[in-house]
Amino acid sequence: MLKRILIVVTAFFSIVILSIILWLGSIKSSLPQILQIKDYKPLLVSPVYDRNNKKIGEFFRERRTLVSYDRIPERVIQAFLASEDDQFFTHSGINYFAIMRAMLANMRAGRNVQGGSTITQQVAKTFFLSSEKTFDRKLREAMLAYQLEDNLKKEEILYLYLNQIYFGHGAHGIENASQTYIKKTVSDLTVAEAAILAGLPQAPSRYSPVLNPQRAKDRQRYVLNRMATVKYITPEEAEKWIKTPV
C-alpha cells in the first residue's frame, strides 16, 4: 500500500515538474529576439535650418536626441544608479535583495512606495513588453533581463536605458530631458541637476520640477542622499548640493 502511494506521489510531482518545464520552455521560445546596439534606431528629432544655417524648427514623433555613452558624465550615471539600481554593475539582471527590500518597504507603508526592478529589467519592459502587472509579464521580464545581460555589455544597457526612457513634458532620453528642464546639454550638468533628472523616471509628472517643484526637491534630496549612502559623494557634498538652488 505504501509503495503504491509513493508511486502515485512521485508520478504526480513528476507530471507537475514536467508541466512547469514545458510551460517555461514555451514562454522562452516566444520571447522576442534581443536587439544588438547596431539595431537601436529610436525616433529622433529632425531639426530644420534656413538658408543661413539658423535653426528654425523641428519635426518629431518623440522628442529625443541620441547621446553616446562616453558623452554622459560619470556624475550623471551615478545619480541614476543611486536612484534606480546601485548594484547594476554587480548583478546579472535581477537583484533579489532589492526585490525583498521593496516588498518589506511596501508592506510597512501599506502601499507601493518602492520598486525592486533593476535597470536591465526596465530596459526589457520598455523595449519588449507592456506595462501590465501580471505574473506572466514579470516572468518574461526576468527572462529577457538575463538574456540582455548575456548579449550586451553593462555600458550598452545603460546607453539604451538613458536614451530611451521618458522624462515627462515630451522629453525622451537624457539629452532632451537635460535641455528641457535645465537648459543645458547633458555633459554640462552638475550633481544637483543630475539628481533632479534621475528622480524623474519613476513618476515624471509627480516629480516634475515644472508642475511640482517641492516634490521634485524632495525627490532630489532622496537621490543625493542615496548617492552619499553608496559613497558616490560624501554626506557633506550631498548637503551642499541639497542647499544649492536649481
Exercise. What pairs of residues pass the salt bridge (charged side-chain N to carboxylate O under 4.0 Å, His left out) test when at least one of them lies in residues 181-202, not counting sequence neighbours?
Worked result: K184-E193
For this session: Please list, chain by chain and in numerical order, all residues satisfying salt bridge (Lys or Arg N to Asp or Glu O under 4.0 Å) with D86, sequence neighbours excluded.
Result: R226
Problem set entry | Residues forming a salt bridge (Lys or Arg N to Asp or Glu O under 4.0 Å) with E149, sequence neighbours excluded | K154
Are [X] and [Y] packed together at the side-chain level, in the sense that at least one heavy-atom pair is separated by less than 4.5 angstrom?
X    : Y    : value
S117 : K125 : no
S92  : T120 : no
L66  : Y159 : yes

For this session: Would you mind checking if E237 and K240 are paired as a salt bridge, meaning a charged N to carboxylate O distance below 4.0 Å?
Result: no
Exercise. Is the closest basic N to carboxylate O distance between D218 and R215 below 4.0 Å?
Worked result: no
Seminar exercise, completed: Separation between CZ (F88) and CG (L158), nearest 0.5 Å, reads 4.0 Å
For this session: To the nearest 0.5 angstrom, please state how far the CG atom of L144 sits from the CZ atom of F127.
Result: 12.0 Å
Exercise. Relative to the ring of Y166, is the ring of H172 parallel (under 30°), tilted (30 to 60°) or perpendicular (over 60°)?
Worked result: tilted
For this session: Kindly indicate, with the supporting measurements, whether the criterion side-chain contact (heavy atoms from CB on, under 4.5 Å) is fulfilled by Y181 and S208.
Result: CA-CA 9 Å; Y181 291 105; S208 164; 4.2 Å; yes
